[in-house]
Amino acid sequence: MPSRSRLASRPRAVIMQPTTQCLPMDCTYCYLPFRKTKHLMPAAVAEAAARSVNRWAAEDPAFEVVWHGGEPLATGREHLAALMAPFRGVKHSVQTNAALLDDAWCEFLLEHEVYVGVSIDGPEDMNTHRVTLAGRPGFHVAMRGIDRLHRHGIVFSAIAVVSDPDPADAARFYEFFAELGVTTLGVNVEETEGVNYHAPQADPARSTEFWAALADAWRSNPVIQLREMTRVMNFASAVLHSHTPASAPADMPWDPLPTIAYDGGVVMLSPELAGFTDKRFGDFTTGNVLRDGLDVLVAETEKRTPWIAEFWKGVDACRATCSFFAFCGGAHPANRYFEHEGRFDGTRTRYCTTAKIALLEGVARHASAHRH
């Protein structure tokens, strides 16, 4: 397949890393290598990124700037405002552990019209991997921040990491978020990546049962948008109407999804690779926005980024061998790299099995049980 068809000519979003610090949390499954160090993004990096982003946003009113990884609020309000200032016509969003949220931060989020995503893993007994730097449970700290969001009338989405996809917990897990009043819930099965070398290996059959049970819970009370259900339903609708599934990135150009690290380095396709180095590929970056325009880096991604050619070989191998490829589109770069001993051209990963294949099979099982 010609390389020009592999990546979209412009992204729909950029991820900005305003700081590497994850204050005050130290989640046991965190993949970030510098989460205990406060590297701050200089304003010059944001200004350089904004020169390209503003042009893209002028043509795409939905263009999103995502402030994420480590904890964006650890940047401080004054500095985060300075980083946001150069951007025009974009949708700002922040993914936060909620621990630092107070009235002043809520007023900041409202003033700057920032969309909020909260990272929390469910009820207290399912949230045990989210601990503070002092080793204490982080659940009540996060819930205090969420309470502040409610008091200020700020709507928010949530992302939850599930380390043990137990079908017996699925209904209670879902109802927690329904009662929390989130708009959208994304569910991530814990992954082996970055510095998280010891993620549990979830049983595929049990994972399938978890997704089926979660679909049951959602169908019984569909008050929030469940990201994974949306992906499966969009795929099923596309198949039924015989057109290309929007959820299959290999059948459409991949969004380059630039992640701009605190120092201006740009990693394409896979935010989880930022901050790591490899003896073959170096630091995985395509370049640095302090030296080259982000639009140039996007346009020249494949020429400037050696690891991506190996990744496409893996995608093609998945296409040739996996019956779930139309839905999955091929394993994500970081999952391939960290599960396959530093290679991008392997095929199926544990994440594929538990979070993609099991998801599709589980929702199909749910649909079959509710046909009549």
With sequence neighbours left out, write down each residue that passes side-chain hydrogen bond (donor to acceptor under 3.5 Å, both in side chains) with Glu228, or none if nothing qualifies.
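Per chain and number, Glu228 pairs via side-chain hydrogen bond (donor to acceptor under 3.5 Å, both in side chains) with no residue.
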
Got a sec, which residues hit side-chain hydrogen bond (donor to acceptor under 3.5 Å, both in side chains) with Asp216, two or more places apart in sequence or on another chain?
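For Asp216 the side-chain hydrogen bond (donor to acceptor under 3.5 Å, both in side chains) partners, ignoring immediate neighbours, are His366.
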
Going through the checks in order, is the side-chain hydrogen bond (donor to acceptor under 3.5 Å, both in side chains) test met by Ser119 and Gln95?
CA-CA 7 Å; Ser119 299; Gln95 188 66 34; 3.0 Å; yes

Those residues that, when tested against [X], pass side chain to side chain contact (heavy atoms under 4.5 Å, CB included) (two or more places apart):
X	value
Lys303	Glu300
Thr354	Val189, Ala202, Ser207
Asp292	Leu297, Arg304
Glu71	Leu73, Ala74, Thr96, Asn97, Leu100

Ring pair (Phe, Tyr, Trp, His ring centres under 6.0 Å) pairs, two or more places apart, involving residues 132-153
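For residues 132-153, and leaving out neighbouring residues, the ring pair (Phe, Tyr, Trp, His ring centres under 6.0 Å) pairs sorted by first residue read His150-Phe156.
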
What residues, two or more places apart in sequence or in another chain, satisfy salt bridge (charged side-chain N to carboxylate O under 4.0 Å, His left out) together with Arg291?
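So Arg291 forms no salt bridge (charged side-chain N to carboxylate O under 4.0 Å, His left out) with any residue.
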
Please check if the distance between the ring centroids of Tyr337 and Phe276 is under 6.0 Å.
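No, ring centres 6.0 Å or more apart.
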
Count the heavy atoms belonging to other residues, nucleotides or ligands that lie under 6.0 Å from OH of Tyr115, then report whether that count exceeds 12.
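For Tyr115, atom OH is not crowded (no more than 12 foreign heavy atoms under 6.0 Å).
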
Contacts table for residues 55-62: side-chain donor-acceptor under 3.5 angstrom, sequence neighbours left out:
{"unit_1": "Arg55", "atom_1": "NH1", "unit_2": "Arg51", "atom_2": "O", "d": "2.9"}
{"unit_1": "Arg55", "atom_1": "NH2", "unit_2": "Asp295", "atom_2": "OD2", "d": "2.7"}
{"unit_1": "Glu59", "atom_1": "OE1", "unit_2": "Arg10", "atom_2": "NH1", "d": "2.2"}
{"unit_1": "Asp60", "atom_1": "OD1", "unit_2": "Ala62", "atom_2": "N", "d": "3.1"}

Test ring pair (Phe, Tyr, Trp, His ring centres under 6.0 Å) applied to Phe210 - qualifying residues, sequence neighbours left out
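Partners of Phe210 by the ring pair (Phe, Tyr, Trp, His ring centres under 6.0 Å) criterion come out as none, since no residue qualifies.
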
Between Leu294 and Ser52, what is the shortest heavy-atom contact and its length?
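Smallest interatomic distance, heavy atoms only, reads N-OG, 3.5 Å.
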
Heavy-atom closest contact (Asn127 atom, Gly138 atom, distance):
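Looking at all heavy atoms of both residues, the closest pair is ND2-C, 4.4 Å.
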
Side chain to side chain donor-acceptor pair (under 3.5 Å) pairs, two or more places apart, involving residues 169-179
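Side chain to side chain donor-acceptor pair (under 3.5 Å) check on residues 169-179 returns Asp125-Arg172, Glu175-Asn221.
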
Does anything in residues 73-89 pair up under side chain to side chain donor-acceptor pair (under 3.5 Å), and if so which pairs, sequence neighbours excluded?
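Passing the test, one end in residues 73-89: no pairs.
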
Over-ring placement of Arg148 relative to Trp105, 6.0 Å and 45° cut-offs:
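No, cation not above the ring by the 6.0 Å, 45° rule.
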
Given side chains that start at C-beta, do those of Leu226 and Phe177 come closer than 4.5 Å, heavy atoms only?
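No, too far: nothing below the 4.5 Å cut-off.
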
